Undergrad: 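I have a structure here, written as structure tokens, and I will follow up with some questions on it.
As the structure is a prediction and not an experimental result, all values here were calculated from the model.
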Amino acid sequence: MIKITLPDGAVREFEAGTTALQVARSISEGLARKVIAASVNGEVWDATRPISQDATLKLLTWNDPEGKSTFWHSSAHLMAEAVESIFPGVKFWVGPAVDNGFYYDMDLGGRQITEEDLRRLETRMSELAGKNSIYIRKSVSKADAINYFTEKGDEYKLDLLQNLKDGEISFYTQGNFTDLCRGPHIPDTGFIKAIKLTNIAGAYWKGDEKNKQLTRIYGVSYPSKKELDEYLHMVEEAKKRDHRKLGREMGIYTMDDDVGPGLVLWMPNGTIIIEELEKLAKETERDAGYQRVVTPHIGKENLYLTSGHLPYYQDSMYPPMELDGVKYYLKAMNCPHHHKIFAAEPRSYKDLPLRLAEYGTCYRYEQSGELFGLMRVRCLHMNDAHIYCSKEQFAQEFQAVNAMYLKYFKIFGIDKYVMRFSLHDPAELGKKYINEPELWLETEAMVRKVLQETGTPYIEVSGEGAFYGPKIDVQIWSAIGREFTLATNQVDFTQGKRFKLEYTRPDNHPETPLIIHRAPLGTHERFIGFLLEHYAGKFPLWLAPQQVKLLPISDKFLPYAQTVLESLKKADIRAGIDERSEKIGKKIRDTELARVPYMLIIGEKEMNDQKISVRRQGKGDLGIQDLESFIRDVKTEITLRSGV
RNA sequence: GCCGUUGUAGCUCAGUGGUAGAGCACUUCCUUGGUAAGGAAGAGGUCAAGAGUUCAAUUCUCUUCAACGGCUCCA
């Protein structure tokens, strides 16, 4: 007999070799029907795999994240079975579960998959699922595994096998499909009731663009049609807040083929948001002891050779323009220009920390396939600053930058993000990263210490650092689920030396400063793209391009509306009048859809009493008010930068 | 850059081997109204660009450009 400990602490005895499914059945038949996997001593197992020793057991259902990923992984196998039955000879690479569904990478031998093929595959998958085929686990020796895939002619699986140890290899079979797989899997295919293959994509083998490109099919599956429909509905809803759609609807920005891909033209409404953001940044940075500078958009080749950027990033810089034998580049970053301002005057420890800030315009020739609305562009306006400080000042400065992030995030109500502490990868030293192994470890330790002492939640990821030092990236997700770095805070132990930047210490010796690169509001492009999705276009009052719209009930009240408009304008409130001879219902509908925060309805009552009727976007009628008190409240809301 | 898909009016989309249509938006006129769509008329398109096949191409083929979904990349 073995002892099974359940999550509530209860210990029950079972025959050795009992499965999680049998344990579930001993509790209730209803539970057993929902169990799709099990966590055995913290490891996710098949619910049908015999447990031979004492164990703590958690039964996993669709509602557990591990349950979902097992479900989707099994769905990937089901899809592979369907693909193999329709396209014999297909070779498979890997087919994992992802955040929302699963994919399988395969080599179809030059055959193209079409949308119709996806529909065929869905139908075939449903048929196969209906057979309730059991997922059977089998341990195999490495030799047998190699034989199997040699015979099948699947060199991709053979490649996988190379890195696996004999004795740790398992196959899973369901129906007519057998795959090399660690598992776990759901008990049988009957659990998969609703399937949607979402898209076809190319994916480089092993993620390396020098390798062959395989065909990747993405899909999602659910235990019921209802849940699939809910998911698809949610995806549709998310598309409605896509910043590209909102940006066009709200007149925020546009792009034009004749200007060039990835080059944003900010329209008047977008420019208002830019100016409000800059106002916030300038106030905040002034209070935090920053000084503002302005630098050119171009620089000579030598500048970027000194900084070390050119060899690393030449491919993603616009090609140089050559004049009188000198090459000039459009700047892809502001640091070298700022470093030159540091170098322009002799610096003493008394000048430190020196904080130079600029909304700098940068140009990066991102690959065409990487461009994405406002999130990935070729001309960007960065909320940039460089802090030159001593080692002793570093912790405090770095921490102050983090505090600035949090201040901003509070203003915008940003709470869905991950702080990523991005480290170097020792294997890439001298290639992707400056070859200074000790300095890397030292600065990484300094940053880690700040994070730990301030109790900032973060994740550490190696191989994501800048080439000159470690950094903290704030990761966010777009409406369609793509991940982006919204803001960044970087340590640089490299460029100070390269630019021979020095300050004089109290003991009269020269010293190279540490440099912090930081952009808490990222770039205007990405930040506004993010805000559009974050607010679903319903900006808080202080950011709203139009803050108040006057809606006269009929033309007769236009003159009074004009006087109200004058008062609002005098109070520096962005307001306008809907002068169309439409009915009030129509004007309200259009203004609501345009997401203008306040509507003032002006008719006979209001004109006679010299008042206004206030309506808040999304909230409805707020009743009749004095113009003076309305203006006072609105001004307060704007000044405080209140949320929605 | 790579794989795949798409490109018709400002927007959302029909449609056709014989040079185009709807709804919304826009303009004008009528209407002057009380908290989410009043009515009528009108204007607006080299059917992304170029080449080919054809008596004839927006439609078929190819190339280019751009956008989209991924991959790769992101100082």
Undergrad: Do A:Arg376 side-chain and B:C73 base share a donor-acceptor contact under 3.5 Å?
TA: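 Yes, the side chain and the base share a sub-3.5 Å donor-acceptor pair.
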Undergrad: Specify the residues of residues 198-211 of chain A, ordered by number, for which at least one heavy atom lies under 4.0 angstrom from an atom of RNA chain B.
TA: A:Asn199, A:Ile200, A:Ala201, A:Gly202, A:Ala203, A:Tyr204, A:Gly207, A:Glu209
Undergrad: Within this structure, what is the CG-to-P distance between A:Leu118 and B:G69, rounded to whole angstrom?
TA: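 Checked: the CG to P distance equals 17 Å.
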Undergrad: Counting Watson-Crick and G-U wobble pairs only, both distances under 3.5 Å, name the nucleotide matched with B:C73, or none.
TA: none
Undergrad: Nearest whole Å is fine: how far is B:C11 P from A:Tyr253 OH?
TA: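 To the nearest whole Å, that distance equals 13 Å.
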Undergrad: Within the 4.0 Å heavy-atom criterion, would you say A:Arg378 contacts the bases, only the backbone, or no part of the nucleic acid?
TA: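 It contacts nothing in the nucleic acid.
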Undergrad: Determine the Euclidean distance between corresponding C1' atoms of B:A9 and B:G44; express it in Å to zero decimal places.
TA: 6 Å
Undergrad: For nucleotides B:U46 and B:U58, find the distance between their C1' atoms and express it as a whole number of Å.
TA: 10 Å
Undergrad: Students often get this wrong, so: under 4.0 angstrom with heavy atoms, is A:Glu115 touching a base, only sugar-phosphate, or nothing?
TA: nothing
Undergrad: Among B:G4, B:G34, B:U35, which nucleotide sits nearest the side chain of A:Ile553?
TA: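 Among the listed nucleotides, the one closest to the side chain of A:Ile553 is B:G34.
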Undergrad: Is a salt bridge present between A:Arg616 and A:Asp621, judged by a nitrogen-to-oxygen distance below 4.0 Å?
TA: no
Undergrad: Does A:Glu236 pair with A:Lys239 as a salt bridge, N-O distance under 4.0 Å?
TA: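 Yes, charged N to carboxylate O under 4.0 Å.
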Undergrad: Is the gap between the ring centers of A:Tyr598 and A:Phe630 under 6.0 Å?
TA: yes
Undergrad: Under 3.5 Å, is there an N or O donor on one side and an acceptor on the other linking the side chain of A:Glu606 and the base of B:G34?
TA: yes
Undergrad: Regarding A:Tyr156 and A:Asp107, do their side chains bring together a donor and an acceptor under 3.5 Å, going by distance alone?
TA: yes
Undergrad: Would you say the ring centroid of A:His386 lies under 6.0 angstrom from that of A:Phe342?
TA: no
Undergrad: Taking only side-chain nitrogens and oxygens of A:Arg616, does any of them come within less than 4.0 Å of OP1 or OP2 of B:U35?
TA: no
Undergrad: The side chain of A:Leu371 lies closest to which of these nucleotides: B:A67, B:G70, B:G38?
TA: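 Looking only at side-chain atoms, A:Leu371 lies closest to B:A67.
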Undergrad: Watson-Crick or G-U wobble partner for B:A56, using a 3.5 Å limit on both distances?
TA: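 Base-paired to nothing in any strand shown.
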Undergrad: Given that A:Ser581 and A:Arg589 both sit by RNA chain B, which one's nearest nucleotide is further toward the 5' end?
TA: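 This one resolves to A:Ser581.
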Undergrad: Hey, does the side chain of A:Lys471 come within less than 4.0 Å of B:A75's phosphate (OP1/OP2), counting only N and O?
TA: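 Yes, such a contact exists.
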Undergrad: Between B:G4, B:A66, B:G33, which nucleotide gets closest to the side-chain atoms of A:Gln112?
TA: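 Looking only at side-chain atoms, A:Gln112 lies closest to B:G4.
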Undergrad: Given the side-chain rings of A:His381 and A:Tyr359, with only the six-membered ring counted for Trp, is the space between their centroids under 6.0 Å?
TA: no
Undergrad: Using the ring centroid of each side chain, check whether A:Tyr231 and A:Tyr222 are separated by less than 6.0 Å.
TA: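 So the answer is yes for these two rings.
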Undergrad: Base, sugar-phosphate, or nothing: which does A:Ile113 touch, judged by heavy atoms less than 4.0 Å apart?
TA: nothing
Undergrad: Expressed in whole Å, how much space separates the C1' atoms belonging to B:C65 and B:A51?
TA: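 The same atom, C1', in both gives a distance of 14 Å.
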Undergrad: Is A:Asp590 salt-bridged to A:Arg580, going by a charged N under 4.0 Å from an acidic O?
TA: yes
Undergrad: Could you pull out the closest heavy-atom pair between A:Tyr204 and A:Asn211, with the gap in Å?
TA: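 Result for this residue pair: CD2-O, 3.6 Å.
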Undergrad: Figure out the CE/C1' separation between A:Met375 and B:A67, and round it to whole Å.
TA: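 Taking atom C1' of B:A67 as the reference, CE of A:Met375 is at 17 Å.
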Undergrad: Which value, in whole Å, describes the distance between the P atoms of nucleotides B:U28 and B:U35?
TA: 28 Å
Undergrad: Tell me which nucleotide among B:C74, B:G34, B:G70 gets nearest to the side chain of A:Gln213.
TA: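 Closest of the options to the side chain of A:Gln213: B:G70.
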Undergrad: Can you identify which nucleotide, out of B:A75, B:C74, B:G4, has its nearest atom closest to the A:Ala466 side chain?
TA: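 For the A:Ala466 side chain, the nearest candidate turns out to be B:A75.
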Undergrad: Could you tell me how far B:A75 sits from B:C3 if I compare only their P atoms? Round to whole Å.
TA: 26 Å
Undergrad: Could you tell me the separation between the CE atom of A:Met599 and the P atom of B:G34, rounded to a whole number of Å?
TA: 18 Å
Undergrad: Hey, does A:Arg364 reach any base, or is it just sugar-phosphate, or nothing, if we go heavy atoms under 4.0 Å?
TA: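 If one applies the 4.0 Å heavy-atom cut-off, A:Arg364 turns out to touch a base.
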Undergrad: Picking from B:C73, B:G34, B:A75, which would you name as closest to the side chain of A:Tyr468?
TA: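 Side chain of A:Tyr468 sits closest to B:A75.
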Undergrad: Between B:U31 and B:G17, how far is it from one C1' atom to the other, in whole Å?
TA: 48 Å
Undergrad: Rounded to whole angstrom, note down the C1' distance from B:A36 over to B:G21.
TA: 29 Å
Undergrad: Looking at B:A67, B:G70, B:C74, which one has an atom nearest to any side-chain atom of A:Arg216?
TA: B:G70
Undergrad: Could you give the CZ-to-C1' distance, from A:Phe467 to B:C74, as a whole number of Å?
TA: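 Rounded to the whole Å, the gap is 14 Å.
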Undergrad: Taking pairing as Watson-Crick or G-U wobble with both contacts under 3.5 Å, can you name the mate of B:A37, or confirm there isn't one?
TA: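 B:A37 is unpaired by these criteria.
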Undergrad: Report the relative orientation of the aromatic rings in A:His424 and A:Trp440; use parallel for angles under 30°, tilted for 30 to 60°, perpendicular for over 60°.
TA: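 Parallel, since the angle between the ring planes stays under 30°.
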Undergrad: Counting only Watson-Crick or G-U wobble pairs whose two distances fall under 3.5 Å, which nucleotide matches B:A67?
TA: B:U5
Undergrad: Can you find a side chain N or O atom of A:Arg526 that sits less than 4.0 Å from OP1 or OP2 on B:C74?
TA: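 Indeed not, no polar side-chain atom of A:Arg526 lies that close.
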Undergrad: Please pick, from B:G34, B:C71, B:G1, the nucleotide with the shortest atom-to-atom distance to any side-chain atom of A:Tyr218.
TA: B:C71
Undergrad: Could you let me know what B:G50 is paired to, Watson-Crick or G-U wobble, both distances under 3.5 Å, or none if it's on its own?
TA: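 The answer is B:C62, by the H-bond criterion.
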Undergrad: Checking contacts here: which listed nucleotide (B:G33, B:U35, B:C26) is nearest the side-chain heavy atoms of A:Arg580?
TA: B:C26
Undergrad: Could you state the atom-to-atom distance from CZ of A:Phe484 to P of B:A75 in whole Å?
TA: 13 Å
Undergrad: Suppose we call a contact any N or O donor and acceptor under 3.5 Å apart; does that hold for the side chain of A:Arg244 and the base of B:A67?
TA: no
Undergrad: Counting distance alone, no hydrogens or angles: does the base of B:A75 have a donor or acceptor under 3.5 Å from a partner atom on the side chain of A:Ser316?
TA: yes
Undergrad: With a 6.0 Å cut-off on ring centres, are A:Tyr329 and A:Tyr363 close enough?
TA: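 Judged by ring-centre distance (under 6.0 Å), A:Tyr329 and A:Tyr363 do not meet the cut-off.
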Undergrad: Can you check the A:Leu330 CG to B:A75 P distance for me, whole Å?
TA: 19 Å
Undergrad: What does B:G23 pair with, Watson-Crick or G-U, if both distances are under 3.5 Å?
TA: B:C11
Undergrad: Base, sugar-phosphate, or nothing: which does A:Lys605 touch, judged by heavy atoms less than 4.0 Å apart?
TA: base
Undergrad: Taking any strand in view, what nucleotide pairs with B:U16 in a Watson-Crick or G-U wobble way, both distances under 3.5 Å?
TA: none
Undergrad: Looking only at side-chain atoms of A:Glu370, point me to the closest of B:G34, B:G1, B:A67.
TA: B:G1
Undergrad: Starting at the 5' end of RNA chain B, which residue's closest nucleotide do you reach first, A:Ala332 or A:Arg615?
TA: A:Arg615
Undergrad: Please report the distance, rounded to the nearest Å, between NZ in A:Lys586 and P in B:C30.
TA: 19 Å
Undergrad: Tell which nucleotide pairs with B:A43, taking only Watson-Crick or G-U wobble pairs whose two distances are both under 3.5 angstrom.
TA: none
Undergrad: Mind checking the C1' distance from B:G69 to B:A56? Whole angstroms is fine.
TA: 37 Å
Undergrad: By the definition ring pair (Phe, Tyr, Trp, His ring centres under 6.0 Å), identify the one residue from A:Phe372, A:Phe527, A:Trp477 that meets it with A:Phe484.
TA: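 Going through the options one by one, the only one that passes is A:Phe372.
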